[in-house]
A.B. asks: 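Structure in structure tokens, see below.
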Amino acid sequence: MLIIVAEKASVARAIKEIIEKRGVKAVVLGLRGHVLDSDLEEKFRDWWKVDPAKILELREFKTVIRDSKMYRELVRYFSNNYVEELVIATDNDPEGELIGWEVYTIFRRYNGFARITRMRFNAITQEDIWKAWQEREEGLNMNWVWKSAFRRDFDLATGAAFTRLLTLSTRKRGYRGLISWGSCQIPTLNYIVEREEEIMNFKPKPYWIISVKLETPFGEVFEARSEKIMDYGKAREIFEEVKNVKEAYVVDYRETVEVVRRPKPLRTDELLRDLNKILGISTSKILRIAEELYSRGYISYPRTDTNQWSTSFNFHETALIALNGLKLSLKISIDRPKPLNGSKNDGAHPPIYPTKPYIKDDSVEWSVWEYVARRFLANVYGNDAEIIKQRALIRIGRLDLKTSGSIFKKTGFFEIFPYFKPELKSIPILSSKQVLRVLDVRLLEEKTKPPDRLTESELLKLMERDHIGTDATRADYPDIIVERGYAKRVKKKVKPTKLGMFLIKCLREVSPRLVSPETRRMVEEYMEKISAGSLSYEKALDTCLQIYHKLYSELASRIDVVADSLIKSIEEGGD
DNA sequence: GCAAGGTC
């Protein structure tokens with residue numbers, strides 16, 4: 001008997017079909033992600049009975065069963081005496097390697113001798129899967145296993161220790177909620193708090209602009225403006241000088257063509273960001289809908305960080321599916337795919353594309369499917385758009401005025417993917433030295449404005465930039481910080497609560513690295529070293545936990561002041 | 001009652 005284990009049911013099905021077609025008989029099992037996990041020992045169970053600092057002194061963690069139903073199923077198969085070989089076919093990434101190791105260790109308890117091999121495929125295609133089957137490797141890449149285990153255990157130890165310290169200190173003062181700290185949730189909150197502080201500290205500055213209404217010899221009317229003038233006296237002086245001038249002339253007029261590239265193949269992050277902008281619903285909800293569409297067969301796997309197509313991708317078939325669901329016909333031939341590829345490849349999943357036509361209805365599901373289908377067509381069959389940018393420099397008296405406009409030269413892919421099609425406004429076509437009639441001169445007072453609060457879309461972009469979370473987890477964090485009472489959603493934007501603001505403030509005073517992306521950066525740096533084989537899991541964990549043990553001690557030494565301040569912010573916020 | 005990472 002031969003057993004193949006994949007990370008999820010859909011991959012298990014694909015493997016079974018592909019190898020059976022070529023005469024290989026095997027039991028193919030699909031997991032649901034991790035089967036095992038790390039946890040703290042029993043004696044840490046009661047939060048009040050053990051100093052959280054002790055968690056940061058641990059160097060070993062207990063292995064617990066995470067998915068007991070799956071665990072039992074694995075045991076049932078592995079106990080069979082006739083298993084000759086176990087094939088690990090989890091995703092070809094470090095987290096997949098760790099999931100594979102979980103299966104490996106379970107298997108070895110029941111079968112000490114059978115061969116254990118690893119299939120590595122980077123796409124769920126006939127070629128890749130069959131090649132991975134024929135060229136399966138002996139055993140696992142242990143550097144990848146330890147790399148992921150380090151991340152898991154570091155996050156557990158630091159998260160548990162800091163969360164317990166903060167929670168217990170506020171519980172002593174009557175708070176009943178949870179004050180959590182985590183390497184991803186806190187930096188996410190920090191972006192929101194930093195923005196709020198920027199808004200609060202913003203001092204609007206007045207400035208003045210001279211606005212002139214002009215007319216060309218052909219009777220076209222448009223407006224041109226001076227630069228910002230920060231001093232009122234000076235603005236007034238210039239205004240007096242030009243307010244009665246009747247003619248202006250064009251110093252320079254030029255047109256340039258700007259190319260707007262068609263969209264790249266769809267990754268999770270862009271799906272979430274774009275649909276948050278388009279539909280205004282939360283990123284976690286969008287991911288849930290995408291997951292639902294995937295499990296019902298309408299779209300491919302929705303958690304991917306790949307934006308390039310494999311050479312064997314069937315564009316023709318996918319195009320028919322997209323066109324069918326959208327009830328569209330393309331003018332150009334779908335036999336000539338010309339996708340614009342990006343540079344990202346997670347080594348485990350293709351970009352997101354439609355796999356079955358969705359019958360249009362009023363649901364959000366349709367809106368998500370429609371976006372995926374249009375994005376595919378725009379990427380593979382769309383043309384880059386071209387915009388003519390117009391820029392003019394005009395002089396009235398001694399004052400320079402500027403104006404600009406734009407107009408589509410080619411609308412290109414926006415025809416099929418209209419979501420972010422810009423509203424363009426053109427100005428008349430001018431020529432140098434042309435004389436213009438002045439219709440009106442005005443002195444306008446305006447004020448500099450503070451930045452807006454962040455949308456979830458902008459928040460995800462910052463997280464991606466700083467490597468906070470992964471494609472599969474980033475959407476969770478806005479929900480987590482709202483659930484903890486650190487932030488609220490107000491008019492499609494995220495606003496920190498008083499508690500959120502004070503928590504960041506207190507942590508930042510201990511050390512900026514407790515709130516910045518620095519924790520994540522450090523974890524990645526050490527993960528890379530483990531992955532390269534230049535550092536052991538033990539050494540990496542020891543070094544990093546020592547650093548966070550020091551930071552913990554500093555926070556613990558002033559926890560009474562911190563807790564008082566947090567309690568006060570909770571009462572003041574009334575949230 | 002902890003984290004973040006998988007998946008459903």
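Per chain, numbering begins at 1; letters A, B, ... match sequence-line order.
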A.B. asks: Base, sugar-phosphate alone, or nothing: which one does Arg288(A) contact when heavy atoms must sit under 4.0 Å apart?
C.D. replies: nothing

A.B. asks: side-chain hydrogen bond (donor to acceptor under 3.5 Å, both in side chains) with Tyr358(A): which residues, sequence neighbours excluded?
C.D. replies: Asp361(A), Ser363(A)

A.B. asks: Heavy atoms only, 4.0 Å cut-off, all strands: where does Asp93(A) land among base, sugar-phosphate and nothing?
C.D. replies: nothing

A.B. asks: Could you tell me if the ring centre of Phe78(A) sits under 6.0 Å from that of Phe107(A)?
C.D. replies: yes

A.B. asks: Look at the side chain of Lys16(A) and the backbone N and O of Ala26(A), then say whether any donor-acceptor pair between them is shorter than 3.5 Å.
C.D. replies: yes

A.B. asks: Ignoring hydrogens and angles, tell me if any N or O in the side chain of Glu7(A) forms a donor-acceptor pair with the backbone of Asp91(A) under 3.5 Å.
C.D. replies: yes

A.B. asks: Remember a base hit wins even if backbone is also touched, and classify Leu178(A) as base, sugar-phosphate or nothing at under 4.0 Å, heavy atoms.
C.D. replies: sugar-phosphate

A.B. asks: Among Glu95(A), Glu97(A), Glu524(A), Glu525(A), which residue satisfies the salt bridge (Lys or Arg N to Asp or Glu O under 4.0 Å) criterion with Arg151(A)?
C.D. replies: Glu95(A)

A.B. asks: Under 4.0 Å between any heavy atoms, over every strand shown, what does Ala9(A) touch: base, sugar-phosphate, or nothing? Just pick one.
C.D. replies: sugar-phosphate

A.B. asks: Return yes if some donor-acceptor pair links the side-chain N/O of Thr306(A) with the main-chain N/O of Pro351(A) below 3.5 Å, else return no.
C.D. replies: no

A.B. asks: Walk along DNA chain B from 5' to 3' and tell me the first and last nucleotide with an atom closer than 4.0 Å to a non-hydrogen atom of chain A.
C.D. replies: dG1(B) to dC8(B)

A.B. asks: What's Ser180(A) touching, base or sugar-phosphate or nothing? Going by heavy atoms closer than 4.0 Å.
C.D. replies: sugar-phosphate

A.B. asks: For a quick check of understanding: with a heavy-atom distance under 4.0 Å over all strands, which category does Glu291(A) fall into, base, sugar-phosphate or nothing?
C.D. replies: base

A.B. asks: Tell me what Trp181(A) touches on the nucleic acid: a base, only sugar-phosphate, or nothing, going by heavy atoms under 4.0 Å.
C.D. replies: sugar-phosphate

A.B. asks: Report the residue (Gln185(A) or Trp48(A)) whose heavy-atom-nearest nucleotide on DNA chain B is the more 5′ of the two.
C.D. replies: Trp48(A)

A.B. asks: Please work out if Gly469(A) contacts a base, only the sugar-phosphate, or nothing of the nucleic acid, heavy-atom cut-off 4.0 Å.
C.D. replies: sugar-phosphate

A.B. asks: Check the side chains of Glu370(A) and Ser367(A) for a donor-acceptor pair under 3.5 angstrom, ignoring hydrogens and angles.
C.D. replies: no

A.B. asks: NA contact type, Asp37(A), heavy-atom cut-off 4.0 Å: base, sugar-phosphate, or nothing?
C.D. replies: base

A.B. asks: What does Arg474(A) touch in the nucleic acid at a heavy-atom separation under 4.0 angstrom: a base, only the sugar-phosphate, or nothing?
C.D. replies: nothing

A.B. asks: Under 4.0 angstrom, heavy atoms only, what part of the nucleic acid is Ser295(A) near: base, sugar-phosphate, or nothing?
C.D. replies: nothing

A.B. asks: What nucleic acid atoms does Tyr294(A) come within less than 4.0 Å of, heavy atoms only: base, sugar-phosphate, or nothing?
C.D. replies: sugar-phosphate

A.B. asks: Thr163(A) or Arg32(A): which one's nearest nucleotide on DNA chain B is closer to the 5' end?
C.D. replies: Thr163(A)

A.B. asks: Using a cut-off of 4.0 Å on non-hydrogen atoms, how would the nucleic acid contact of Phe150(A) be classed: base, sugar-phosphate, or nothing?
C.D. replies: nothing

A.B. asks: When all nucleic acid strands are considered with a 4.0 Å heavy-atom cut-off, which category describes Phe61(A): base, sugar-phosphate, or nothing?
C.D. replies: nothing

